[in-house]
Trainee: 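One structure, as structure tokens, below. Some questions next.
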Amino acid sequence: MGSSRTILIAGAGIGGLTAALALVRVGYRIIIAEQADSLGDVGAGIQLSPNATRILNALDVGPRLKTTAVVPDGVSVRHARSGSEIVFMTLGHGAQFRYGAPYWMLHRGDLQAGLLEAVAEQPDIAIKLGTRLDDFAVHTHGVTAQLSSKQSVSEERVLGIVGADGLWSATRARLGDKTRPGFRNRTAWRAVVPSSMVPDQFRRPVTYLWLGQNAHLVHYPVRCGTLINIVAIVRDRWNEPGWSAPGARDELFRRFTKDEWAQDARDLLAMPEDWLKWALFDRDTAGFPGQGPVTLLGDAAHPMLPFLAQGAAMAIEDAAVLARCLGSPDGDPASEMRRYETTRKNRVRRVQHAARANSRTYHLSGASVVARNLAMRWLGGERLRARYDWLYDWRPD
Ligand SMILES: Cc1cc2nc3c(=O)[nH]c(=O)nc-3n(C[C@H](O)[C@H](O)[C@H](O)COP(=O)(O)OP(=O)(O)OC[C@H]3O[C@@H](n4cnc5c(N)ncnc54)[C@H](O)[C@@H]3O)c2cc1C
């Protein structure tokens, strides 16, 4: 591939793959450098709200996901100790009607497969697996990327670079921001079990959100309802980077005591034999330290806590806005990348703050729990959902 209309994307995560699909549509050729040797099935679920599915539909990825996605009727917010429902926030087909795009619960492996299938159909996208972006040098007509694999070190002259290389982004460090993401004293434990193992009530197309003291639990069906994705989030000091450290079930179980958690929730937590855990990070200085024809996207730019289920959605939104900016006929990549960064800044900050606010609200203790639950009940499901109109009704233009 020549450098004239070629952009190099570092990272084949949800952000990198979506950016490739969006940029190829506005006339670019794309090289994706992905450090992993293979893109394996990621054993966990993901919720995608209408602001993200709208974009995936426009990129023809939606129809590939639709076959396995579960459309939730809504979110059942529950009191951890009593197990009773505090409020039911309706989503379902009403959300599709209201926002013009569905809310989906997916297996991450299915999302990745849908994106990869769409990428494979584009002759102008090349994926180089087992290849890291190590460095780059900006020059008058573009940028030279330094790549390395187990076998060799190589260079690629391209028009621009998009660092979609995640939380520990090397592109961000190379742009001069050497600060580390901040650990937020919480870990997320995840597991997937066959839905045949769980009681009928938890097989419904619903996101269950149990709120406890210093912990919460989320579970929902994925892959046509055949699997249940379970995520438990607890306060913790363990903060090693990575996606898939094994977690001991007994250790997790000790956090969900009989005194604090209803038996139904404890029964569910006892089902998976294997748990994997993530330490949760975000950044105070979330943003885009782009320079010249180099920019960031997704977690590399603005990692956020998963309390609003929006990290991947923001990466997908970034991809759509970047393609709109770089798609203008006469613009030069550096100034169009700055325009993209300015366009995205306030939106991602607002979402990041909302996720942090939820992290406090979800884990309250003492008298504030009663106040929170009363406020949720008073608001009711419809008004609770309407509070997210600004988030779900967003469009790239
Ligand atoms: C518990 C939990 C639940 C979540 N639930 C949701 C949810 O329901 N909905 C939602 O929208 N979001 C959710 N998120 C957030 C979401 O998972 C992330 O925001 C999203 O995966 C980020 O995608 P990304 O492409 O930016 O980065 P990543 O997925 O981290 O991808 C980065 C890629 O870059 C590669 N890479 C790294 N360095 C280099 C390099 N130098 N050269 C080449 N390749 C490199 C990596 O191997 C990786 O493949 C959740 C997060 C957590 C922790």
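Read the numbers this way: they start at 1 and go in the same order the structure lists the ligands and their atoms.
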Trainee: Side chain, backbone, both or neither: which part of Gln310 comes within less than 4.0 Å of ligand 1 when only heavy atoms are counted?
Mentor: backbone
Trainee: Specify side chain, backbone, both or neither for Ala300, according to which of its non-hydrogen atoms lie closer than 4.0 Å to ligand 1.
Mentor: neither
Trainee: On the ring face of Trp394, is Arg344 found with NZ or CZ under 6.0 Å from the centre and within 45° of the axis?
Mentor: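 Arg344 over Trp394 ring: yes.
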Trainee: Report yes if some N/O of Ala309 lies less than 3.5 Å from some N/O of ligand 1; otherwise report no.
Mentor: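 Among all N and O atoms of Ala309, at least one is under 3.5 Å from an N or O of ligand 1.
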Trainee: Where's the contact between Thr131 and ligand 1, heavy-atom distance under 4.0 Å: side chain, backbone, both or neither?
Mentor: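 Within the 4.0 Å criterion, Thr131 contacts ligand 1 through backbone atoms alone.
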Trainee: With sequence neighbours excluded, what pairs up with Arg132 under the salt bridge (charged side-chain N to carboxylate O under 4.0 Å, His left out) test?
Mentor: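 Salt bridge (charged side-chain N to carboxylate O under 4.0 Å, His left out) list for Arg132, sorted by chain: Asp134.
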Trainee: Just distances here: any N/O of Leu133 and N/O of ligand 1 closer than 3.5 Å?
Mentor: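 Yes.
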Trainee: Please indicate whether any nitrogen or oxygen in Leu167 is less than 3.5 Å from any nitrogen or oxygen in ligand 1.
Mentor: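 No.
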Trainee: Geometry only, no angles: is Trp278 polar-contacting ligand 1 at N/O separations under 3.5 Å?
Mentor: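 Checking ligand 1 against Trp278, no N or O pair falls under 3.5 Å apart.
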Trainee: With heavy atoms under 4.0 Å as the rule, classify the contact between Ala188 and ligand 1 as side chain, backbone, both or neither.
Mentor: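 Side chain only.
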Trainee: Can you find an N/O atom of Ile46 closer than 3.5 Å to an N/O atom of ligand 1?
Mentor: no
Trainee: Quick one: salt bridge (charged side-chain N to carboxylate O under 4.0 Å, His left out) partners of Asp264, sequence neighbours excluded?
Mentor: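 If we apply the salt bridge (charged side-chain N to carboxylate O under 4.0 Å, His left out) test to Asp264, skipping adjacent residues, there are no hits.
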